[in-house]
Amino acid sequence: RNLLTVVLWLRMQTHILPLDCADVYNAGSNISGVYKIYPAGPTSPLYVYCDMETDGGKWTVFQRRMDGTVNFYRGWDQYKRGFGHAGGEYWLGLETIHILTLKQRYELRVDMEDFQGAKVHAKYSSFSISPQMVNAESDGYTLHVSGFEDGGAGDSLSYHSEQKFSTFDRDQDSNSGNCAVSYLGGFWYEDCHYVNPNGIYMWDTVNAQGVCWYHWKSNYYSMKAISMKIRPAV
C-alpha cells in the first residue's frame with residue numbers, strides 16, 4: 001500500500017508540475033520571466049526564461065544571447081547539460097530540449113536584433129531533436145526543422161536540418177574540418193553554416209565567426225541579440 005501511495009503521488013506531481021512555459025502560462029502566469037519547469041519529472045527541476053508576450057506567448061527559450069557575458073565556445077558535455085543563467089544568456093541543454101520534443105510536437109521561433117535596433121524573426125512549424133530516439137546522444141542530437149514562415153529574417157536554418165550537433169571536442173558535421181573549431185561555437189553544423197547563433201559575441205565579425213544569420217545580415221555581421229524558443233504546435 002505504501003508503494004502504491006508513492007506511485008500515485010508521483011503521478012499527481014508529474015501531472016500538475018509544468019513541463020514547459022506553455023504549462024506555466026496555462027496555469028495563470030502570463031508575465032515574461034524566469035520560471036521553474038520539470039521536463040524530466042518532479043526530481044529534476046530546471047530554470048528557464050519564458051517569453052509570455054511575443055506572438056501569443058507560451059515560449060520556452062532554450063538559447064539566448066544578448067550581451068556577451070557568457071562564453072558559448074564550450075565542449076560537448078556542457079552543450080548536453082546546459083550552461084549560463086536563465087535570467088541572462090544561456091543554453092538550456094541538448095538533453096532537455098530532446099526530452100521536451102520527445103513528449104509533444106513543437107514549433108520554433110528565432111528572434112534577432114541588430115546593433116541599430118532593427119528586429120526580425122524566423123518561424124518554423126515543426127522542430128525536434130532526435131524525436132524517435134530514447135538515447136538521443138547516440139544519434140548526435142540530430143536537428144529536424146521544417147515549415148518556415150518568414151518574419152523578415154529569411155530562412156537560414158533549414159540548411160541545418162537533419163544535421164548532428166557538433167562542438168570543438170565532438171566533430172559530427174559534413175565538413176572535412178571541424179566547423180565548431182573554425183567558427184568558434186557549437187551548433188548543428190553542415191558544411192559549415194548559414195546560422196551561427198553560438199559563435200563569438202562581437203560588434204563586428206570576420207570569417208563568419210560571430211553571431212550570424214546569413215539570409216538577414218550575411219555571415220559578416222554579428223548580431224546584438226538572438227533567442228531560440230519553442231512552444232507546443234497547434
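Hydrogens, waters and symmetry mates play no part in the numbers below; they use all other heavy atoms, side chains included. Computed from a predicted model, the values in this text were never measured in an experiment.
- A heavy-atom distance below 4.5 Å is not found between the side chains of Tyr73 and Asn198.
- The pair Arg231-Glu107 counts as a salt bridge, with a side-chain nitrogen and a carboxylate oxygen less than 4.0 angstrom apart.
- One hydrophobic cluster holds both Ile230 and Phe148 under the rule that ILVMFWY side chains link at heavy-atom gaps under 4.5 Å.
- Under a 3.5 Å cut-off, the side chain of Arg74 and the backbone N or O of Asn71 do form a donor-acceptor pair.
- Here the side chain of Ser126 pairs no donor or acceptor atom with the backbone of Gly147 at under 3.5 angstrom.
- Donor-acceptor pairing under 3.5 Å is lacking for the side chains of Ser128 and His144.
- Residues Met66 and Met228 do not share a hydrophobic cluster, defined by chaining ILVMFWY side chains whose heavy atoms lie under 4.5 Å apart.
- Atom-to-atom distance recorded for Ser44:OG and Leu17:CG is 11.0 Å, nearest 0.5 angstrom.
- Looking only at atom types and distance, the side chain of Gln163 has no donor-acceptor partner in the side chain of Asp173 under 3.5 Å away.
- In this structure, OG in Ser182 is found 8.0 Å from CD in Gln209, a value given to the nearest 0.5 Å.
- Of all the heavy atoms in Gly154 and Ala122, the pair that sits closest is O-CB, 4.0 Å.
- Checked against a 6.0 Å centroid threshold, the rings of Tyr194 and His160 do not count as neighbours.
- Tyr189 pairs in a side chain to side chain donor-acceptor pair (under 3.5 Å) with only one of the listed residues (Asn196, Asn175, Asn178), which is Asn196.
- Taken to the nearest 0.5 Å, the CD1 atom of Ile37 stands 6.0 Å off from the CG atom of Leu92.
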Check: Does the pair Tyr38 and Leu19 meet the rule for a side-chain contact (heavy atoms from CB on, under 4.5 Å), with working shown?
Finding: CA-CA 5 Å; Tyr38 300 81; Leu19 173 71; over 6 Å; no

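- Residues Ile200 and Tyr214 fall into different hydrophobic clusters, defined by Ile, Leu, Val, Met, Phe, Trp and Tyr side chains chained together at heavy-atom separations under 4.5 Å.
- The minimum heavy-atom distance linking Pro131 with Leu102 is given by the pair O-CD1, 2.9 Å.
- A donor-acceptor contact shorter than 3.5 Å links the side chain of Thr101 to the backbone of Ile129.
- Using modelled atom types, one side-chain atom of Gln63 and one backbone atom of Pro197 make a donor-acceptor pair closer than 3.5 Å.
- For Asp20 and Gln104, the side-chain atoms include at least one donor-acceptor pair closer than 3.5 Å.
- Between atom NZ of residue Lys58 and atom SG of residue Cys21 there is a gap of 12.0 Å, rounded to the nearest 0.5 Å.
- The pair Asp55-Lys123 counts as a salt bridge, with a side-chain nitrogen and a carboxylate oxygen less than 4.0 angstrom apart.
- Hydrophobic clustering (ILVMFWY, side-chain heavy atoms < 4.5 Å, transitive): Leu100 and Leu46 are in one cluster.
- Under 4.0 Å is where a charged nitrogen must lie from a carboxylate oxygen, and between Lys164 and Asp139 no such pair does.
- By the neighbour-count criterion of 12 heavy atoms within 6.0 Å, atom NZ of Lys119 is sparsely surrounded, having that number or fewer from other residues, nucleotides or ligands.
- Met112 and Tyr221 fall within a single hydrophobic cluster, where Ile, Leu, Val, Met, Phe, Trp and Tyr are joined by side-chain heavy atoms under 4.5 Å apart, directly or via other members.
- Aromatic ring centres of Tyr183 and Phe187 lie farther apart than the 6.0 Å criterion allows.
- Counting only N and O atoms by type, the side chains of Tyr141 and Glu95 include a donor and acceptor under 3.5 Å apart.
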Apply salt bridge (Lys or Arg N to Asp or Glu O under 4.0 Å) to residues Lys224 and Asp114 and explain how you reach the verdict.
CA-CA 5 Å; Lys224 177 183 178 181; Asp114 67 17; over 6 Å; no

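- Taking 4.5 Å as the limit, every side-chain heavy atom of Tyr90 sits out of range of all side-chain heavy atoms of His85.
- In summary, the side chains of Tyr220 and Asn207 do not present any donor paired with an acceptor at a separation below 3.5 Å, with no hydrogens or angles considered.
- In terms of modelled atom types and a separation under 3.5 Å, the side chain of Trp216 and the main chain of Asp155 share no donor-acceptor contact.
- Separating the CG atom in Leu143 from the OG atom in Ser130 is a distance of 9.0 Å, to the nearest 0.5 Å.
- Aromatic ring pairs are classed by plane angle as parallel below 30°, tilted from 30° to 60° and perpendicular above 60°; the pair Phe115 and Tyr201 is perpendicular.
- Around atom NZ of Lys217, more than 12 heavy atoms belonging to other residues, nucleotides or ligands sit under 6.0 Å away.
- Between the OH atom of Tyr124 and the CD atom of Glu149 there is a distance of 11.0 Å, given to the nearest 0.5 Å.
- The backbone N or O of Ala153 sits less than 3.5 Å from a side-chain atom of Trp213, completing a donor-acceptor pair.
- No donor-acceptor pair closer than 3.5 Å links the side chain of Asp169 to the backbone N or O of Gly75.
- Under a 3.5 Å cut-off, the side chain of Lys229 and the backbone N or O of Asp111 do not form any donor-acceptor pair.
- Listed here is the closest heavy atom pair of Val134 and His98: O-NE2, 3.8 Å.
- Among residues two or more places apart in sequence or in another chain, the side-chain contact (heavy atoms from CB on, under 4.5 Å) test is passed with Tyr35 by Val24, Ser29, Ile31, Cys50, Met52.
- Between the Ser138 side chain and the Asn135 main chain, a donor and an acceptor come within less than 3.5 Å of each other.
- In this structure, Glu137 pairs ionically with Arg170, as a charged nitrogen and a carboxylate oxygen lie closer than 4.0 Å.
- A ring-centre distance under 6.0 Å is found for Phe62 and Phe127.
- Minimum heavy-atom separation, Ser158 to Val145: CA-CG1, 4.5 Å.
- Checking side-chain atoms of Arg81 against main-chain N and O of Thr96 turns up no donor-acceptor pair under 3.5 Å.
- Of all non-hydrogen atoms in Ser222 and Val211, the two that sit nearest each other are OG-N, 2.9 Å.
- Of the candidates Trp91, Phe72, Phe83, Gln78 forms a side chain to side chain contact (heavy atoms under 4.5 Å, CB included) with just one, namely Phe83.
- Nearest heavy-atom pair, Cys212 versus Ser218, reported as atom, atom and distance to 0.1 Å: CB-O, 4.2 Å.
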